[in-house]
Amino acid sequence: MNIVAIIVAALVVGCVGIILGFFLGISGEKFKVEVDPREEAVLGELPGNNCGGCGYAGCSGLAAAIVKGEAPVGQCPVGGDPVAKKIGEIMGVAAEAGVKKVAFVKCAGDCNKANMDYKYTGIEDCVAMEYVPNGGPKSCNYGCMGFGSCVKVCPFDAIHIVDGIAKVDDKKCKACGKCIAVCPHHLIELVPYGAMHIVQCSSQDKGKDVMNACSAGCIGCHLCEKNCPSDAIHVIDNRAYIDQDKCTGCGVCAEKCPKKIIL
């Protein structure tokens, strides 16, 4: 064994390492990206769920957007008003009080009310129903299919399948919007936490077809619309829809609804 060769090799490797470290250190200082200290402070106040409900790629993306002025201080749906207030103090702006919202599933067609065209056995995933006959076994092509795609994506365990339809636990829901994005029938929406009345149906079929598919569907009879004293409810595309900004919670629409699908 040549000791001199080993020593020379060790010295060469050591020198190369020193030189590379020197250049990397210089490059790091020259090309480093300056981070606004407020960004780290804002990130520290965000809940860290990285749910994407704010519309950005995780909490770090939202923190950067807030500091740049591209997003309001109350953009985080999970943190709500308490987090918005703290971030507002960091940014030196007043945080506007927001209305707490929760997800709501616009379907009442559970196992006892919705008719079935056939018995389905296979992958239990709502998105996969696009590739099975009639878009799934239920006769209604607008309602909840009950295979739990929304359940799988909810990071807060706030939504579950009960009697064949998705139900939201409004105490756990943080309004992140993941369930809304994954639902292929687009029948989940965010509503005010204190909403007095909501229409629990999304069907756009005409009354006769609705009744053939489900005993709990909106038949578009317009009785709710005609009797609402606040002009807060209208039938659009054969289904009733309530404007929560106008609704006073009088309950007339629920009383007049012959199908009793206004909660």
Please list every donor-acceptor pair under 3.5 Å in which a side-chain atom of residues 54-79 meets a protein atom from a residue at least two apart or in another chain.
residue: Y56; atom: OH; partner: E70; partner atom: O; Å: 3.4
residue: Q75; atom: NE2; partner: C54; partner atom: O; Å: 2.8

What pairs with [X] under side-chain contact (heavy atoms from CB on, under 4.5 Å), at least two apart in sequence or on another chain?
X	value
D157	H160, K172
E225	H222, H234, V235
C221	I219, L223, P258
N115	S139

| Does anything in residues 100-131 pair up under ring pair (Phe, Tyr, Trp, His ring centres under 6.0 Å), and if so which pairs, sequence neighbours excluded? | Y120-F147

Taking all atoms of both residues into account, what is the closest heavy-atom pair of [X] and [Y], and its distance?
X	Y	result
D170	K100	O-NZ, 4.5 Å
C253	C224	CB-CB, 3.8 Å
A166	C150	CB-SG, 3.8 Å

Rounded to the nearest 0.5 Å, how far does [atom2] of [Y] lie from [atom1] of [X]?
X	Y	atom1	atom2	answer
K119	T121	NZ	OG1	6.0 Å
D163	C144	CG	SG	11.5 Å
D209	C214	CG	SG	13.0 Å
C228	I233	SG	CD1	6.5 Å

Got a sec, which pairs hit salt bridge (Lys or Arg N to Asp or Glu O under 4.0 Å) with one end in [range], sequence neighbours left out?
range	answer
residues 125-136	D125-K152
residues 228-238	D231-K246
residues 51-67	none

| said: Through direct or indirect side-chain contacts below 4.5 angstrom among Ile, Leu, Val, Met, Phe, Trp and Tyr, which residues connect to V127? | reply: V153, V182

| request: List, by chain and number, the other hydrophobic cluster members for L187, where Ile, Leu, Val, Met, Phe, Trp and Tyr join if side-chain heavy atoms come within less than 4.5 Å, directly or indirectly. | output: V105, V151, I159, I161, V168, I180, I188, L190

| query | In terms of hydrophobic clustering (I, L, V, M, F, W, Y; side-chain heavy atoms under 4.5 Å; direct or indirect links), are M145 and M116 co-clustered? | reply | no

| In the single-linkage hydrophobic clustering (I, L, V, M, F, W, Y; side-chain heavy atoms under 4.5 Å), do I165 and V162 co-cluster? | no

Donor-acceptor list for residues 191-208 side chains, cut-off 3.5 Å, not counting sequence neighbours:
residue: Q200; atom: NE2; partner: C107; partner atom: O; Å: 3.1
residue: S202; atom: OG; partner: K106; partner atom: O; Å: 3.0
residue: S203; atom: OG; partner: D205; partner atom: N; Å: 3.2

Report yes if some heavy atom in the side chain of [X] is under 4.5 Å from a heavy atom in the side chain of [Y]; otherwise report no.
X	Y	answer
K138	D117	no
C126	P184	yes
V132	I123	no

| query | Does K260 reach the main-chain N or O of E255 with its side chain, forming a donor-acceptor pair under 3.5 Å? | reply | yes

| task | Apply the test side chain to side chain contact (heavy atoms under 4.5 Å, CB included) to residues C176 and F156: give CA-CA distance (whole Å), side-chain angles for both, the deciding distance (0.1 Å), then the verdict. | result | CA-CA 9 Å; C176 70; F156 306 103; 4.0 Å; yes

